[in-house]
> 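Structure below; questions to follow.
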Amino acid sequence: YDIRIKVNDTDGGSSDWLTYNNVIQVITNPPTITSYTILDSNILRNQSTKILVEVDDVEDSDSSLTLSTQYKSPSGFWANSYFETPWFNTTSNLWEANFTAPNSAELGAYDIRVKVTDLDDDSSNWSIYSENLTITNNNPLLSNYELSSSSVLRNNTIVIGMNTTDTEDGESSHTVTVQYRSTSNGWKTSYLSTVWYDSSESRWETNFTPATSAVLGTYDVRIMVNDTDGASTGWTTYSDVITVTNNVPSLSNYGLSASSVLRSNAIVIEMNTTDTEDGEASHTVVVQYRTQTGGWKTNYLSTVWYDTSDS
């Protein structure tokens, strides 16, 4: 604004106007941020939260102002792509903006800053809220598991199959750990193969092969899934889900020293046996005979023995 001044005296004399150009400047009142709230300061990736901002301006209505929002990740720079366009809520008379963390968002504490601009393009300073929002990792999930059989003989194999899910990571990128326990022992892995991802079945698998000396009876299984960010399901335990059973011995062959024998004379009956777990000499062999008209008997048989010289 320009100012001009003229002086009049008591005798009616007057000076000329003295003009002073551009001596007063009228400026707009800057808008201000009067309050700030975040509804949820801890969210998982792929989840959302909302900020609520109260503003004030002498000249312009709150709804006519423009709110700017930005965030800064722990190792990043100021950005706004995770914010939706702010809007004015006429019910609460607050500016609001949704913040959504994508699956790729850096984990950790985020700073938030906001400023408001009026119709004269005058802005408040940035209001910075340090470590105002924490983004955390989604834990993986063990969706299901399946046994190719719930019963297995010693020295035989069954397959344990598992499906896992995670918000951030693909199933094949997980780390799956499996352990078993018999009724009389702690958790072990020696009967399990290396866990692998079977892309043809779209699941994780491991072979369970109990040794010939394995404890007979029911076994528990527990499974844990870890993702690429170190999050874990913890152990999920399934009790009494596998039964380890004994292999039945077999009679491989038998032979007679003669197929005809006189009364009061003797012949030898020879037998070979096999078993997955036990040696032949440890077996107990029972032999009986019968005539065409009689029942099964043992009277004419000696005690069965193991002949180490003719094994």
Side-chain angles (χ1 to χ4, degrees), residues 139-166 169-228 230-254 270-288 296 298 303-306 308 311:
N139 289 338
L141 296 174
L142 175 64
S143 303
N144 57 66
Y145 91 105
E146 184 179 18
L147 303 173
S148 60
S149 175
S150 61
S151 179
V152 59
L153 294 167
R154 285 170 169 166
N155 209 39
N156 279 243
T157 298
I158 62 172
V159 177
I160 304 173
M162 299 143 286
N163 282 112
T164 65
T165 59
D166 190 20
D169 303 321
E171 184 176 34
S172 62
S173 68
H174 291 156
T175 300
V176 179
T177 305
V178 184
Q179 297 179 346
Y180 66 87
R181 165 177 78 180
S182 68
T183 54
S184 58
N185 290 301
W187 292 105
K188 297 183 178 180
T189 60
S190 55
Y191 297 166
L192 295 165
S193 67
T194 300
V195 182
W196 77 94
Y197 188 73
D198 186 345
S199 56
S200 64
E201 295 289 339
S202 296
R203 68 177 189 175
W204 288 92
E205 294 180 349
T206 182
N207 291 329
F208 176 76
T209 307
T212 55
S213 59
V215 175
L216 299 176
T218 57
Y219 282 60
D220 304 333
V221 172
R222 69 178 183 178
I223 303 167
M224 180 170 60
V225 183
N226 292 290
D227 67 15
T228 58
S232 177
T233 60
W235 289 109
T236 301
T237 302
Y238 304 93
S239 300
D240 300 333
V241 292
I242 297 175
T243 301
V244 175
T245 57
N246 182 48
N247 290 271
V248 176
S250 299
L251 177 65
S252 304
N253 57 67
Y254 90 105
E270 299 175 336
M271 298 141 283
N272 281 112
T273 62
T274 60
D275 188 23
T276 299
E277 294 92 351
D278 304 322
E280 186 176 34
S282 67
H283 291 159
T284 300
V285 179
V286 179
V287 183
Q288 296 178 346
W296 292 104
T298 60
T303 301
V304 181
W305 77 96
Y306 186 72
T308 57
S311 59

> Looking at Tyr254, I want to see if its OH is surrounded by more than 12 non-hydrogen atoms of other residues, nucleotides or ligands under 6.0 Å.
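Atom OH in Tyr254 is not packed in, count stays at 12 or less.
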> Applying salt bridge (charged side-chain N to carboxylate O under 4.0 Å, His left out), which residue pairs with at least one partner in residues 243-252 are found, sequence neighbours left out?
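Qualifying pairs: none.
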> Might you point out which heavy atoms bring Trp204 and His174 nearest each other, and give the distance in Å?
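Nearest pair, atom of Trp204 first, then His174: CZ2-O, 3.1 Å.
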> Which pairs of donor and acceptor atoms, one on a side chain in residues 231-238, lie under 3.5 Å apart (sequence neighbours left out)?
| residue | atom | partner | partner atom | Å |
| --- | --- | --- | --- | --- |
| Ser232 | OG | Asn226 | OD1 | 3.1 |
| Ser232 | OG | Gly234 | N | 3.0 |
| Thr233 | OG1 | Val225 | N | 3.0 |

> Kindly write out the residues that satisfy side chain to side chain donor-acceptor pair (under 3.5 Å) with Thr228, not counting sequence neighbours, or none if the list is empty.
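Per chain and number, Thr228 pairs via side chain to side chain donor-acceptor pair (under 3.5 Å) with Asp169.
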> Applying side chain to side chain donor-acceptor pair (under 3.5 Å), can you list everything that pairs with Asn156, at least two apart in sequence or on another chain?
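Result, side chain to side chain donor-acceptor pair (under 3.5 Å) vs Asn156: none returned.
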> For residues 140-149, which residue pairs pass the side-chain hydrogen bond (donor to acceptor under 3.5 Å, both in side chains) check, not counting sequence neighbours?
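Residue pairs passing side-chain hydrogen bond (donor to acceptor under 3.5 Å, both in side chains), neighbours aside: Glu146-Arg203.
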> Take Val215 and Asn185 through the side-chain contact (heavy atoms from CB on, under 4.5 Å) test and state the conclusion after the steps.
CA-CA 9 Å; Val215 175; Asn185 290 301; 3.7 Å; yes
> Is any side-chain heavy atom of Ile242 closer than 4.5 Å to a side-chain heavy atom of Val152?
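Yes; the side chains approach each other to less than 4.5 Å.
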> Applying side chain to side chain donor-acceptor pair (under 3.5 Å), can you list everything that pairs with Asn139, at least two apart in sequence or on another chain?
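Listed in chain order: nothing, the list is empty.
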> Please tabulate, for side-chain N and O atoms in residues 270-279, each donor-acceptor pair with protein atoms closer than 3.5 Å (sequence neighbours left out).
| residue | atom | partner | partner atom | Å |
| --- | --- | --- | --- | --- |
| Asn272 | ND2 | Glu280 | OE2 | 3.0 |
| Asn272 | ND2 | Ser311 | O | 3.3 |
| Thr273 | OG1 | His283 | ND1 | 2.7 |
| Asp275 | OD2 | Asp278 | N | 3.3 |
| Glu277 | OE2 | Asn247 | N | 3.0 |
| Glu277 | OE2 | Asn247 | ND2 | 2.8 |

> Taking side chain to side chain donor-acceptor pair (under 3.5 Å) as the definition, give me every residue that meets it alongside Glu171, ordered by chain and number, with sequence neighbours left out.
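Testing Glu171 for side chain to side chain donor-acceptor pair (under 3.5 Å), a comparison that skips the adjacent residues, returns Asn163, Tyr197.
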> Can you measure from CD1 (Ile158) to OG (Ser151) and round to the nearest 0.5 angstrom?
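Taking CD1 in Ile158 and OG in Ser151, the distance rounds to 8.0 Å.
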> Side chains of Tyr219 and Thr243: closer than 4.5 Å at any heavy-atom pair?
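A side-chain contact under 4.5 Å is absent here.
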> Kindly give the heavy-atom pair with the smallest separation between Asn155 and Thr209, and that separation in Å.
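That would be C-CG2, 4.2 Å.
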> In Å, rounded to the nearest 0.5 Å, how long is the span from CG of Asn246 to CZ of Arg154?
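These two atoms lie 5.5 Å from each other.
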> For atom CH2 of Trp296, is the number of surrounding heavy atoms from other residues, nucleotides or ligands below 6.0 Å larger than 12?
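Yes.
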> Which pair of non-hydrogen atoms, one from Ser173 and one from Gly170, has the smallest distance, and what is that distance?
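Ser173 and Gly170 have their closest heavy atoms at OG-O, 2.7 Å.
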> For Arg181, enumerate each residue passing the salt bridge (Lys or Arg N to Asp or Glu O under 4.0 Å) test, keeping only those at least two apart in sequence or located in another chain.
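Salt bridge (Lys or Arg N to Asp or Glu O under 4.0 Å) list for Arg181, sorted by chain: Asp220.
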> Can you measure from OG1 (Thr245) to CG (Leu153) and round to the nearest 0.5 angstrom?
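Rounded to the nearest 0.5 Å, the OG1-CG separation comes out at 4.0 Å.
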> Sort and list the pairs that fulfil salt bridge (charged side-chain N to carboxylate O under 4.0 Å, His left out) and have at least one residue in residues 236-245, not counting sequence neighbours.
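Matches after skipping sequence neighbours: none remain.
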> May I have the list of side-chain donor-acceptor pairs in residues 188-195 shorter than 3.5 Å, sequence neighbours left out?
| residue | atom | partner | partner atom | Å |
| --- | --- | --- | --- | --- |
| Ser190 | OG | Tyr180 | OH | 2.8 |
| Ser193 | OG | Thr206 | OG1 | 3.3 |
| Ser193 | OG | Asn207 | N | 2.8 |

> Does the side chain of Met162 come within less than 4.5 Å of Val176's, by heavy atoms?
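With C-beta onward as the side chain, the pair touches.
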